[in-house]
Amino acid sequence: MFGKKSGEVKVKTSYDLGTEKISKLMLKFCIPCVLSLLVSALYNIVDQIFVGNSELSDLGNAATGVVFPIFIIAQAFAWWAGDGCAAYLNIHQGKGDTENAHKCVGTSMVVTLAASIILLAVFYPLKTQLLTLFGASHDGVDINGEPFQGSIGYAVQYFNVILAFFPIFMLSNMINAVIRADGCPAWSMFSMLAGAVTNIILDPIFIFVCRWGMAGAAWATVIGQTVSFVIGIVYLFRSKTFKLTLKSFIPHFKSFGEAIKLGLSSFITQMSIVIISLVCNIMLVKYGGASQYGENIPIAIVAIESKVFTVVINIVVGIVLGCQPIIGYNLGAENYGRVKKLYCNILLSTVAIGLLFTVLFEAAPDAVVRIFGEPKFSNPELYWEFGRKTFRIFLMFVTFTGMIKMSSIFFQAVGKPVFAMLVSLIRDLVCFVPLIITLPMALGIEGVLWAAPVADSVAILVTAGLTVVFFLGLRKRERAHKADEQTEVREEAQAGD
(Lines give C-alpha, C1' and ligand atoms only; values in the text may rest on other atoms or scores of the structure.)
Protein backbone atom coordinates (compact mmCIF):
# COMPACT_ATOMS: atom_id res chain seq x y z
CA MET A 1 0.00 0.00 0.00
CA PHE A 2 2.63 2.54 1.05
CA GLY A 3 5.86 3.32 -0.76
CA LYS A 4 4.60 3.06 -4.36
CA LYS A 5 4.04 6.04 -6.56
CA SER A 6 0.37 6.57 -7.21
CA GLY A 7 0.91 7.02 -10.93
CA GLU A 8 2.47 3.57 -11.19
CA VAL A 9 -0.50 1.76 -9.70
CA LYS A 10 -3.18 0.35 -11.93
CA VAL A 11 -6.64 0.31 -10.39
CA LYS A 12 -9.71 -1.70 -11.19
CA THR A 13 -12.90 0.01 -12.32
CA SER A 14 -16.41 -1.40 -11.93
CA TYR A 15 -17.57 -0.97 -15.52
CA ASP A 16 -20.50 -3.33 -14.86
CA LEU A 17 -22.16 -0.46 -12.96
CA GLY A 18 -23.14 0.96 -16.34
CA THR A 19 -24.38 -2.25 -17.96
CA GLU A 20 -25.43 -4.77 -15.30
CA LYS A 21 -29.15 -5.26 -14.62
CA ILE A 22 -30.21 -2.62 -12.07
CA SER A 23 -32.16 -4.98 -9.80
CA LYS A 24 -29.13 -7.29 -9.61
CA LEU A 25 -26.82 -4.38 -8.80
CA MET A 26 -29.17 -3.14 -6.08
CA LEU A 27 -29.21 -6.52 -4.39
CA LYS A 28 -25.43 -6.72 -4.58
CA PHE A 29 -24.80 -3.22 -3.20
CA CYS A 30 -27.83 -2.42 -1.04
CA ILE A 31 -28.14 -5.52 1.12
CA PRO A 32 -24.61 -5.29 2.54
CA CYS A 33 -24.99 -1.54 3.00
CA VAL A 34 -28.34 -1.86 4.79
CA LEU A 35 -26.98 -4.58 7.04
CA SER A 36 -23.89 -2.48 7.71
CA LEU A 37 -25.95 0.53 8.82
CA LEU A 38 -28.33 -1.64 10.84
CA VAL A 39 -25.36 -3.09 12.62
CA SER A 40 -24.12 0.47 13.21
CA ALA A 41 -27.47 1.29 14.83
CA LEU A 42 -27.10 -1.80 17.00
CA TYR A 43 -24.13 -0.26 18.81
CA ASN A 44 -26.40 2.12 20.69
CA ILE A 45 -29.51 -0.05 20.70
CA VAL A 46 -27.77 -3.07 22.23
CA ASP A 47 -26.38 -0.88 25.00
CA GLN A 48 -29.82 0.52 25.69
CA ILE A 49 -31.49 -2.91 25.71
CA PHE A 50 -29.00 -4.36 28.18
CA VAL A 51 -29.00 -1.19 30.28
CA GLY A 52 -32.81 -1.03 30.29
CA ASN A 53 -33.09 -4.65 31.40
CA SER A 54 -30.51 -4.24 34.18
CA GLU A 55 -30.82 -2.53 37.55
CA LEU A 56 -30.11 0.75 35.73
CA SER A 57 -33.53 0.44 34.04
CA ASP A 58 -35.31 3.54 32.72
CA LEU A 59 -32.80 5.88 34.37
CA GLY A 60 -30.02 4.21 32.39
CA ASN A 61 -32.12 4.56 29.23
CA ALA A 62 -32.43 8.27 29.90
CA ALA A 63 -28.65 8.51 30.38
CA THR A 64 -27.83 6.83 27.06
CA GLY A 65 -30.47 9.04 25.44
CA VAL A 66 -28.72 12.27 26.41
CA VAL A 67 -25.35 10.96 25.19
CA PHE A 68 -26.76 9.86 21.83
CA PRO A 69 -26.85 13.36 20.24
CA ILE A 70 -23.15 13.78 21.03
CA PHE A 71 -22.49 10.56 19.11
CA ILE A 72 -24.31 12.19 16.21
CA ILE A 73 -22.07 15.28 16.35
CA ALA A 74 -19.01 13.07 15.92
CA GLN A 75 -20.73 11.07 13.19
CA ALA A 76 -21.68 14.29 11.38
CA PHE A 77 -18.05 15.27 10.84
CA ALA A 78 -17.07 11.69 9.91
CA TRP A 79 -19.90 11.37 7.36
CA TRP A 80 -19.18 14.83 5.95
CA ALA A 81 -15.70 13.70 4.96
CA GLY A 82 -16.63 10.06 4.24
CA ASP A 83 -19.81 10.52 2.20
CA GLY A 84 -18.32 13.45 0.32
CA CYS A 85 -15.22 11.44 -0.52
CA ALA A 86 -17.42 8.50 -1.58
CA ALA A 87 -19.52 10.68 -3.91
CA TYR A 88 -16.33 12.20 -5.37
CA LEU A 89 -14.88 8.74 -6.07
CA ASN A 90 -18.02 7.42 -7.76
CA ILE A 91 -18.66 10.43 -9.99
CA HIS A 92 -15.03 10.53 -11.12
CA GLN A 93 -15.02 6.75 -11.72
CA GLY A 94 -17.92 7.25 -14.12
CA LYS A 95 -15.91 9.94 -15.92
CA GLY A 96 -12.88 7.64 -16.08
CA ASP A 97 -10.88 10.08 -13.92
CA THR A 98 -9.32 8.46 -10.82
CA GLU A 99 -6.00 10.31 -10.74
CA ASN A 100 -6.69 12.21 -7.51
CA ALA A 101 -8.77 9.53 -5.76
CA HIS A 102 -6.02 8.48 -3.36
CA LYS A 103 -5.32 12.12 -2.46
CA CYS A 104 -8.99 12.70 -1.64
CA VAL A 105 -9.13 9.62 0.60
CA GLY A 106 -5.88 10.46 2.40
CA THR A 107 -6.88 14.07 2.98
CA SER A 108 -10.28 12.97 4.28
CA MET A 109 -8.62 10.68 6.83
CA VAL A 110 -6.29 13.44 8.05
CA VAL A 111 -9.14 15.95 8.39
CA THR A 112 -11.37 13.42 10.20
CA LEU A 113 -8.61 12.62 12.70
CA ALA A 114 -7.98 16.31 13.35
CA ALA A 115 -11.71 16.94 13.85
CA SER A 116 -11.97 14.07 16.36
CA ILE A 117 -9.10 15.43 18.47
CA ILE A 118 -10.64 18.92 18.50
CA LEU A 119 -14.04 17.53 19.58
CA LEU A 120 -12.41 15.51 22.37
CA ALA A 121 -10.51 18.54 23.64
CA VAL A 122 -13.63 20.72 23.62
CA PHE A 123 -16.14 18.23 25.04
CA TYR A 124 -14.17 16.72 27.93
CA PRO A 125 -13.93 19.79 30.20
CA LEU A 126 -17.56 20.72 29.42
CA LYS A 127 -19.10 17.25 29.76
CA THR A 128 -21.40 17.99 32.73
CA GLN A 129 -22.74 21.18 31.20
CA LEU A 130 -23.09 19.49 27.80
CA LEU A 131 -24.99 16.48 29.13
CA THR A 132 -27.24 18.72 31.22
CA LEU A 133 -27.96 20.80 28.13
CA PHE A 134 -29.04 17.64 26.27
CA GLY A 135 -31.50 16.71 29.02
CA ALA A 136 -29.62 14.87 31.80
CA SER A 137 -31.54 15.42 35.03
CA HIS A 138 -30.16 16.10 38.50
CA ASP A 139 -31.64 14.84 41.76
CA GLY A 140 -34.77 16.81 42.61
CA VAL A 141 -38.46 16.85 43.54
CA ASP A 142 -41.38 16.37 41.12
CA ILE A 143 -44.62 18.41 40.97
CA ASN A 144 -46.16 16.14 43.61
CA GLY A 145 -43.33 16.79 46.05
CA GLU A 146 -41.80 13.33 45.60
CA PRO A 147 -38.00 13.10 45.37
CA PHE A 148 -36.48 11.53 42.24
CA GLN A 149 -32.98 10.48 41.22
CA GLY A 150 -31.34 12.26 38.30
CA SER A 151 -29.61 10.66 35.30
CA ILE A 152 -26.50 12.89 35.20
CA GLY A 153 -24.28 10.47 37.14
CA TYR A 154 -25.00 7.57 34.81
CA ALA A 155 -24.61 9.82 31.76
CA VAL A 156 -21.14 11.03 32.84
CA GLN A 157 -19.97 7.44 33.47
CA TYR A 158 -21.02 6.41 29.97
CA PHE A 159 -19.72 9.55 28.27
CA ASN A 160 -16.22 9.45 29.80
CA VAL A 161 -15.39 6.19 28.05
CA ILE A 162 -17.17 6.95 24.77
CA LEU A 163 -15.44 10.31 24.36
CA ALA A 164 -11.93 8.88 24.71
CA PHE A 165 -12.48 6.73 21.60
CA PHE A 166 -13.88 9.46 19.34
CA PRO A 167 -10.88 9.29 16.92
CA ILE A 168 -11.40 5.57 16.32
CA PHE A 169 -15.20 5.93 16.04
CA MET A 170 -15.00 8.78 13.54
CA LEU A 171 -12.27 7.27 11.37
CA SER A 172 -14.16 3.97 11.26
CA ASN A 173 -17.31 5.73 9.97
CA MET A 174 -15.34 7.73 7.41
CA ILE A 175 -13.44 4.69 6.09
CA ASN A 176 -16.59 2.58 5.77
CA ALA A 177 -18.15 5.14 3.41
CA VAL A 178 -15.04 4.94 1.21
CA ILE A 179 -15.11 1.14 1.25
CA ARG A 180 -18.69 1.13 -0.06
CA ALA A 181 -17.77 3.63 -2.78
CA ASP A 182 -14.82 1.45 -3.77
CA GLY A 183 -17.30 -1.27 -4.75
CA CYS A 184 -16.97 -3.51 -1.70
CA PRO A 185 -20.08 -3.04 0.49
CA ALA A 186 -19.71 -6.58 1.82
CA TRP A 187 -16.41 -5.66 3.48
CA SER A 188 -18.04 -2.60 5.07
CA MET A 189 -20.83 -4.83 6.35
CA PHE A 190 -18.31 -7.32 7.75
CA SER A 191 -16.48 -4.50 9.52
CA MET A 192 -19.61 -3.22 11.23
CA LEU A 193 -20.94 -6.71 11.95
CA ALA A 194 -17.73 -7.80 13.65
CA GLY A 195 -17.84 -4.73 15.87
CA ALA A 196 -21.51 -5.22 16.75
CA VAL A 197 -21.05 -8.90 17.60
CA THR A 198 -18.16 -7.93 19.86
CA ASN A 199 -20.38 -5.36 21.54
CA ILE A 200 -23.25 -7.82 22.00
CA ILE A 201 -20.93 -10.41 23.58
CA LEU A 202 -19.23 -7.95 25.92
CA ASP A 203 -22.34 -6.01 27.06
CA PRO A 204 -23.83 -8.73 29.32
CA ILE A 205 -20.37 -9.66 30.60
CA PHE A 206 -19.45 -6.13 31.60
CA ILE A 207 -22.92 -5.10 32.84
CA PHE A 208 -24.19 -8.25 34.59
CA VAL A 209 -21.08 -10.28 35.42
CA CYS A 210 -18.49 -7.59 36.12
CA ARG A 211 -21.23 -5.21 37.33
CA TRP A 212 -19.55 -2.18 35.76
CA GLY A 213 -22.91 -0.53 35.06
CA MET A 214 -22.93 2.32 32.55
CA ALA A 215 -19.14 2.23 32.19
CA GLY A 216 -19.40 -1.45 31.24
CA ALA A 217 -21.88 -0.67 28.47
CA ALA A 218 -19.55 2.05 27.20
CA TRP A 219 -16.47 -0.20 27.21
CA ALA A 220 -18.35 -2.88 25.25
CA THR A 221 -19.26 -0.24 22.67
CA VAL A 222 -15.77 1.23 22.19
CA ILE A 223 -14.11 -2.19 21.98
CA GLY A 224 -16.58 -3.08 19.23
CA GLN A 225 -15.79 0.20 17.47
CA THR A 226 -12.09 -0.60 17.62
CA VAL A 227 -12.66 -3.98 15.98
CA SER A 228 -14.56 -2.27 13.13
CA PHE A 229 -11.80 0.30 12.76
CA VAL A 230 -9.05 -2.31 12.46
CA ILE A 231 -10.97 -4.23 9.79
CA GLY A 232 -11.53 -0.99 7.86
CA ILE A 233 -7.82 -0.15 7.97
CA VAL A 234 -6.98 -3.63 6.67
CA TYR A 235 -9.17 -2.96 3.60
CA LEU A 236 -7.09 0.06 2.64
CA PHE A 237 -4.27 -2.36 1.77
CA ARG A 238 -6.48 -4.04 -0.86
CA SER A 239 -8.60 -1.20 -2.30
CA LYS A 240 -9.71 -1.47 -5.94
CA THR A 241 -9.95 1.98 -7.47
CA PHE A 242 -7.22 3.81 -5.54
CA LYS A 243 -3.95 3.00 -3.79
CA LEU A 244 -2.77 5.02 -0.83
CA THR A 245 0.84 6.21 -0.57
CA LEU A 246 2.55 8.36 2.03
CA LYS A 247 1.96 11.32 -0.30
CA SER A 248 -1.78 10.64 -0.13
CA PHE A 249 -1.83 12.11 3.37
CA ILE A 250 -0.41 15.45 2.27
CA PRO A 251 -3.59 17.61 2.13
CA HIS A 252 -4.87 18.03 -1.43
CA PHE A 253 -7.53 20.67 -1.05
CA LYS A 254 -8.67 20.77 -4.67
CA SER A 255 -10.09 17.23 -4.60
CA PHE A 256 -11.09 17.44 -0.92
CA GLY A 257 -12.82 20.78 -1.55
CA GLU A 258 -15.06 19.11 -4.12
CA ALA A 259 -15.67 16.21 -1.75
CA ILE A 260 -16.76 18.34 1.20
CA LYS A 261 -19.24 20.16 -1.04
CA LEU A 262 -20.75 16.81 -1.99
CA GLY A 263 -20.77 15.63 1.64
CA LEU A 264 -22.10 18.85 3.15
CA SER A 265 -25.71 17.63 3.10
CA SER A 266 -24.70 14.62 5.24
CA PHE A 267 -23.16 16.98 7.77
CA ILE A 268 -26.18 19.25 7.81
CA THR A 269 -28.54 16.28 8.10
CA GLN A 270 -26.64 14.89 11.09
CA MET A 271 -26.27 18.28 12.78
CA SER A 272 -29.96 18.87 12.22
CA ILE A 273 -30.57 15.71 14.25
CA VAL A 274 -28.39 17.18 17.02
CA ILE A 275 -30.29 20.46 17.02
CA ILE A 276 -33.59 18.61 17.00
CA SER A 277 -32.45 16.39 19.88
CA LEU A 278 -31.28 19.41 21.86
CA VAL A 279 -34.45 21.42 21.41
CA CYS A 280 -36.62 18.33 21.83
CA ASN A 281 -34.95 17.33 25.09
CA ILE A 282 -35.19 20.88 26.45
CA MET A 283 -38.92 20.91 25.69
CA LEU A 284 -39.39 17.43 27.14
CA VAL A 285 -37.71 18.44 30.39
CA LYS A 286 -39.60 21.74 30.55
CA TYR A 287 -43.10 20.49 29.76
CA GLY A 288 -42.56 16.98 31.12
CA GLY A 289 -41.52 18.39 34.48
CA ALA A 290 -44.73 20.44 34.54
CA SER A 291 -46.87 17.38 33.68
CA GLN A 292 -47.81 14.13 35.38
CA TYR A 293 -45.01 12.35 33.51
CA GLY A 294 -42.13 14.24 35.15
CA GLU A 295 -38.70 14.83 33.56
CA ASN A 296 -37.34 11.27 33.31
CA ILE A 297 -40.22 9.43 31.59
CA PRO A 298 -40.34 11.64 28.44
CA ILE A 299 -36.54 11.62 28.12
CA ALA A 300 -36.35 7.82 28.56
CA ILE A 301 -39.19 7.10 26.10
CA VAL A 302 -37.96 9.49 23.42
CA ALA A 303 -34.48 7.98 23.83
CA ILE A 304 -36.04 4.61 22.94
CA GLU A 305 -37.98 6.17 20.06
CA SER A 306 -34.79 7.74 18.70
CA LYS A 307 -32.99 4.39 18.61
CA VAL A 308 -35.93 2.62 16.96
CA PHE A 309 -36.34 5.49 14.48
CA THR A 310 -32.64 5.17 13.66
CA VAL A 311 -33.22 1.55 12.64
CA VAL A 312 -35.98 2.55 10.21
CA ILE A 313 -34.01 5.43 8.71
CA ASN A 314 -30.84 3.34 8.45
CA ILE A 315 -32.68 0.81 6.30
CA VAL A 316 -33.75 3.59 3.93
CA VAL A 317 -30.37 5.30 4.01
CA GLY A 318 -28.67 1.93 3.46
CA ILE A 319 -30.64 1.39 0.25
CA VAL A 320 -29.82 4.78 -1.26
CA LEU A 321 -26.20 4.77 -0.03
CA GLY A 322 -25.81 1.28 -1.46
CA CYS A 323 -27.01 2.66 -4.79
CA GLN A 324 -24.75 5.71 -4.58
CA PRO A 325 -21.86 4.10 -6.51
CA ILE A 326 -24.30 3.02 -9.22
CA ILE A 327 -25.97 6.45 -9.37
CA GLY A 328 -22.70 8.39 -9.43
CA TYR A 329 -21.12 6.13 -12.03
CA ASN A 330 -24.09 6.27 -14.42
CA LEU A 331 -24.47 10.02 -14.01
CA GLY A 332 -20.79 10.50 -14.81
CA ALA A 333 -21.15 8.15 -17.81
CA GLU A 334 -24.29 10.05 -18.94
CA ASN A 335 -26.54 6.97 -18.66
CA TYR A 336 -29.50 9.10 -17.61
CA GLY A 337 -32.16 6.46 -18.19
CA ARG A 338 -30.51 4.19 -15.62
CA VAL A 339 -30.38 7.05 -13.11
CA LYS A 340 -34.15 7.54 -13.44
CA LYS A 341 -34.85 3.84 -13.06
CA LEU A 342 -32.64 3.67 -9.99
CA TYR A 343 -34.56 6.54 -8.39
CA CYS A 344 -37.91 4.82 -8.99
CA ASN A 345 -36.69 1.56 -7.46
CA ILE A 346 -35.27 3.34 -4.41
CA LEU A 347 -38.49 5.32 -3.92
CA LEU A 348 -40.71 2.22 -4.06
CA SER A 349 -38.48 0.45 -1.54
CA THR A 350 -38.58 3.44 0.81
CA VAL A 351 -42.38 3.68 0.72
CA ALA A 352 -42.79 -0.06 1.38
CA ILE A 353 -40.47 0.07 4.40
CA GLY A 354 -42.15 3.18 5.79
CA LEU A 355 -45.65 1.70 5.58
CA LEU A 356 -44.52 -1.55 7.21
CA PHE A 357 -43.08 0.24 10.25
CA THR A 358 -46.04 2.62 10.47
CA VAL A 359 -48.35 -0.36 10.96
CA LEU A 360 -46.03 -1.72 13.67
CA PHE A 361 -45.80 1.55 15.58
CA GLU A 362 -49.52 2.23 15.44
CA ALA A 363 -50.62 -1.31 16.32
CA ALA A 364 -48.04 -2.50 18.84
CA PRO A 365 -46.09 0.36 20.51
CA ASP A 366 -45.95 -1.46 23.88
CA ALA A 367 -44.19 -4.43 22.31
CA VAL A 368 -41.50 -2.14 20.89
CA VAL A 369 -40.93 -0.24 24.14
CA ARG A 370 -40.91 -3.45 26.23
CA ILE A 371 -37.77 -4.64 24.39
CA PHE A 372 -35.91 -1.97 26.35
CA GLY A 373 -36.99 -3.21 29.78
CA GLU A 374 -39.55 -2.43 32.47
CA PRO A 375 -39.50 0.89 34.39
CA LYS A 376 -38.10 0.72 37.94
CA PHE A 377 -37.63 4.39 38.78
CA SER A 378 -40.90 5.71 37.27
CA ASN A 379 -44.66 5.13 37.50
CA PRO A 380 -45.29 2.12 35.18
CA GLU A 381 -48.77 3.23 34.12
CA LEU A 382 -47.57 6.70 33.08
CA TYR A 383 -44.47 5.22 31.46
CA TRP A 384 -46.46 2.95 29.13
CA GLU A 385 -49.04 5.66 28.42
CA PHE A 386 -46.40 8.12 27.24
CA GLY A 387 -44.72 5.35 25.23
CA ARG A 388 -47.92 4.71 23.26
CA LYS A 389 -48.45 8.39 22.57
CA THR A 390 -44.86 8.85 21.41
CA PHE A 391 -44.83 6.03 18.87
CA ARG A 392 -48.34 6.66 17.55
CA ILE A 393 -48.01 10.44 17.16
CA PHE A 394 -44.30 11.21 16.74
CA LEU A 395 -43.76 8.47 14.13
CA MET A 396 -47.15 8.81 12.44
CA PHE A 397 -45.63 9.86 9.10
CA VAL A 398 -42.39 7.90 9.27
CA THR A 399 -42.95 7.02 5.58
CA PHE A 400 -42.65 10.70 4.65
CA THR A 401 -39.56 11.03 6.85
CA GLY A 402 -37.93 8.14 4.99
CA MET A 403 -38.74 9.66 1.60
CA ILE A 404 -37.27 13.00 2.67
CA LYS A 405 -34.02 11.44 3.95
CA MET A 406 -33.77 9.24 0.84
CA SER A 407 -34.20 12.24 -1.46
CA SER A 408 -31.53 14.23 0.36
CA ILE A 409 -28.93 11.48 -0.13
CA PHE A 410 -30.02 10.92 -3.74
CA PHE A 411 -29.47 14.60 -4.52
CA GLN A 412 -26.05 14.35 -2.90
CA ALA A 413 -25.19 11.32 -5.05
CA VAL A 414 -26.11 13.14 -8.29
CA GLY A 415 -24.00 16.18 -7.41
CA LYS A 416 -26.84 18.45 -6.26
CA PRO A 417 -25.68 19.46 -2.75
CA VAL A 418 -27.92 22.55 -2.65
CA PHE A 419 -31.04 20.45 -3.27
CA ALA A 420 -29.83 17.95 -0.67
CA MET A 421 -29.35 20.68 1.93
CA LEU A 422 -32.71 22.28 1.19
CA VAL A 423 -34.56 19.00 1.72
CA SER A 424 -32.86 18.42 5.06
CA LEU A 425 -33.18 22.00 6.27
CA ILE A 426 -36.87 22.36 5.38
CA ARG A 427 -37.89 19.32 7.39
CA ASP A 428 -35.57 19.58 10.36
CA LEU A 429 -34.76 23.22 10.98
CA VAL A 430 -37.30 25.35 9.11
CA CYS A 431 -40.35 23.32 10.20
CA PHE A 432 -39.60 20.93 13.06
CA VAL A 433 -37.64 23.20 15.42
CA PRO A 434 -40.13 26.11 15.38
CA LEU A 435 -43.04 23.68 15.74
CA ILE A 436 -41.50 21.86 18.69
CA ILE A 437 -41.09 25.20 20.44
CA THR A 438 -44.53 26.65 19.67
CA LEU A 439 -46.92 23.68 19.72
CA PRO A 440 -46.27 22.76 23.40
CA MET A 441 -47.43 26.26 24.37
CA ALA A 442 -50.93 25.19 23.35
CA LEU A 443 -50.80 21.40 23.69
CA GLY A 444 -48.36 20.89 26.56
CA ILE A 445 -46.04 17.87 26.42
CA GLU A 446 -48.05 16.35 23.53
CA GLY A 447 -47.16 19.36 21.39
CA VAL A 448 -43.59 18.05 21.26
CA LEU A 449 -44.88 14.84 19.70
CA TRP A 450 -47.13 16.52 17.11
CA ALA A 451 -44.22 18.62 15.76
CA ALA A 452 -42.81 15.68 13.78
CA PRO A 453 -45.85 14.71 11.65
CA VAL A 454 -46.66 18.36 10.87
CA ALA A 455 -43.05 19.01 9.78
CA ASP A 456 -43.07 15.86 7.64
CA SER A 457 -46.26 16.97 5.89
CA VAL A 458 -44.76 20.30 4.83
CA ALA A 459 -41.31 18.95 3.93
CA ILE A 460 -42.62 16.17 1.67
CA LEU A 461 -44.26 18.80 -0.57
CA VAL A 462 -40.98 20.71 -0.93
CA THR A 463 -39.12 17.45 -1.59
CA ALA A 464 -41.56 16.50 -4.34
CA GLY A 465 -41.14 19.89 -5.99
CA LEU A 466 -37.33 19.71 -6.00
CA THR A 467 -37.47 16.17 -7.36
CA VAL A 468 -39.62 17.30 -10.29
CA VAL A 469 -37.19 20.16 -11.00
CA PHE A 470 -34.22 17.78 -10.97
CA PHE A 471 -35.75 15.26 -13.35
CA LEU A 472 -36.90 17.97 -15.75
CA GLY A 473 -33.30 19.16 -15.88
CA LEU A 474 -32.10 15.59 -16.33
CA ARG A 475 -34.49 15.15 -19.26
CA LYS A 476 -32.95 18.21 -20.96
CA ARG A 477 -29.46 16.82 -20.43
CA GLU A 478 -30.58 13.47 -21.84
CA ARG A 479 -32.00 15.09 -24.97
CA ALA A 480 -28.84 17.15 -25.44
CA HIS A 481 -26.70 14.03 -25.02
CA LYS A 482 -28.73 12.14 -27.65
CA ALA A 483 -28.48 15.08 -30.02
CA ASP A 484 -24.70 15.13 -29.61
CA GLU A 485 -24.53 11.39 -30.28
CA GLN A 486 -26.59 11.76 -33.45
CA THR A 487 -24.34 14.60 -34.61
CA GLU A 488 -21.25 12.46 -34.04
CA VAL A 489 -22.80 9.58 -36.03
CA ARG A 490 -23.60 11.91 -38.97
CA GLU A 491 -20.07 13.37 -38.89
CA GLU A 492 -18.53 9.90 -38.87
CA ALA A 493 -20.77 8.84 -41.77
CA GLN A 494 -19.81 11.93 -43.78
CA ALA A 495 -16.12 11.35 -43.03
CA GLY A 496 -16.51 7.74 -44.26
CA ASP A 497 -18.05 8.93 -47.53
Side-chain angles (χ1 to χ4, degrees), residues 26-50 64 68 71-72 74-83 85-86 89 105 108-109 112-113 116 162 165-203 217-240 263 266 269-270 273 306-325 353 405 409:
M26 287 185 68
L27 288 173
K28 177 183 177 182
F29 281 80
C30 295
I31 291 177
C33 191
V34 168
L35 291 176
S36 177
L37 291 180
L38 283 178
V39 168
S40 176
L42 279 176
Y43 275 117
N44 288 308
I45 290 177
V46 167
D47 279 352
Q48 192 142 356
I49 290 174
F50 281 113
T64 59
F68 183 66
F71 258 117
I72 302 300
Q75 203 170 54
F77 284 94
W79 284 13
W80 188 4
D83 287 355
C85 185
L89 292 178
V105 174
S108 296
M109 292 178 67
T112 301
L113 178 61
S116 69
I162 294 295
F165 284 78
F166 261 23
I168 285 176
F169 170 68
M170 291 175 64
L171 278 170
S172 179
N173 275 270
M174 179 262 151
I175 291 170
N176 268 312
V178 172
I179 293 172
R180 290 192 296 268
D182 196 47
C184 201
W187 190 281
S188 175
M189 178 189 69
F190 170 66
S191 167
M192 299 302 297
L193 184 60
V197 169
T198 302
N199 188 20
I200 292 170
I201 292 171
L202 294 180
D203 255 327
W219 274 109
T221 296
V222 298
I223 292 173
Q225 290 169 356
T226 303
V227 170
S228 295
F229 170 73
V230 170
I231 294 173
I233 288 292
V234 169
Y235 180 84
L236 297 181
F237 288 88
R238 60 185 301 278
S239 54
K240 299 176 182 178
S266 289
T269 298
Q270 293 301 102
I273 295 173
S306 296
K307 304 297 173 63
V308 175
F309 175 74
T310 300
V311 171
V312 181
I313 292 301
N314 276 15
I315 295 174
V316 172
V317 169
I319 292 172
V320 66
L321 277 182
C323 289
Q324 180 174 288
I353 291 161
K405 299 295 182 186
I409 297 171

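- For Leu202 against Ala220, the heavy-atom pair with the smallest separation is CB-CB, 3.7 Å.
- Across all non-hydrogen atoms, the minimal contact from Met189 to Pro32 is CB-O, 3.3 Å.
- Taken from CD1 in Ile162 to OG1 in Thr221, the straight-line distance is 4.5 Å, to the nearest 0.5 Å.
- Enclosure of atom CH2 in Trp219 is not indicated, since only 12 or fewer non-hydrogen atoms of other residues, nucleotides or ligands lie within 6.0 angstrom.
- Note that the CZ atom of Phe68 and the NZ atom of Lys307 stand 6.0 Å from one another [nearest 0.5 Å].
- Nearest heavy atom pair, residue Met26 against residue Ile319, reads CE-CG2, 4.4 Å.
- By the side chain to side chain donor-acceptor pair (under 3.5 Å) test, Gln75 pairs with Asn173, Gln270, sequence neighbours left out.
- Side chains of Cys33 and Arg180 form a contact here, defined as non-hydrogen atoms less than 4.5 Å apart.
- Between Phe229 and Phe169, the distance from one ring center to the other does not fall under 6.0 angstrom.
- The side-chain heavy atoms of Ser116 and Phe77, taken from C-beta on, include no pair separated by under 4.5 Å.
- Rounded to the nearest 0.5 Å, atoms CD1 (Ile175) and CG (Leu236) are 5.0 Å apart.
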Worked check of side-chain contact (heavy atoms from CB on, under 4.5 Å) between Phe165 and Ile223: CA-CA 9 Å; Phe165 284 78; Ile223 292 173; over 6 Å; no

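- Leu193 has its side chain out of reach of Leu35: every pair of non-hydrogen atoms, C-beta onward, lies at least 4.5 Å apart.
- Phe190 pairs by the ring pair (Phe, Tyr, Trp, His ring centres under 6.0 Å) definition with nothing, not counting sequence neighbours.
- Checked by atom type and distance alone, the side chain of Thr112 never pairs as donor or acceptor with a backbone atom of Ala78 at under 3.5 Å.
- Atom-to-atom distance recorded for Thr310:OG1 and Ile315:CD1 is 11.0 Å, nearest 0.5 angstrom.
- Residues that satisfy the ring pair (Phe, Tyr, Trp, His ring centres under 6.0 Å) test with Phe50, not counting sequence neighbours, are absent from this structure.
- Here Ile179 contributes atom CD1 and Ile231 contributes atom CD1; the two are 9.5 Å apart, rounded to the nearest 0.5 Å.
- Atom CG of Asp203 sits about 9.5 Å away from atom CD1 of Ile49, to the nearest 0.5 Å.
- For the residue pair Ser188 and Asn176, a side-chain donor N or O sits within less than 3.5 Å of a side-chain acceptor on the partner.
- Of all non-hydrogen atoms in Gln225 and Ser172, the two that sit nearest each other are O-OG, 4.4 Å.
- Across all non-hydrogen atoms, the minimal contact from Ser108 to Cys85 is OG-CB, 3.6 Å.
- You'll find the side chain of Val34 stays beyond 4.5 Å of the side chain of Asn314, heavy atoms only.
- A 4.5 Å side-chain heavy-atom check between Cys323 and Phe29 finds every atom pair outside the cut-off.
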Exercise. Determine, step by step, whether Val178 and Tyr235 satisfy the side-chain contact (heavy atoms from CB on, under 4.5 Å) criterion, reporting the C-alpha distance in whole Å, the side-chain angles of both residues, the deciding distance to 0.1 Å, and the verdict.
Key: CA-CA 10 Å; Val178 172; Tyr235 180 84; over 6 Å; no

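- Within the 3.5 Å criterion, the main-chain N or O of Val222 finds a donor-acceptor partner in the side chain of Thr226.
- Scanning all heavy atoms of the two residues, the minimum distance from Ala181 to Leu89 falls at CB-CD1, 4.3 Å.
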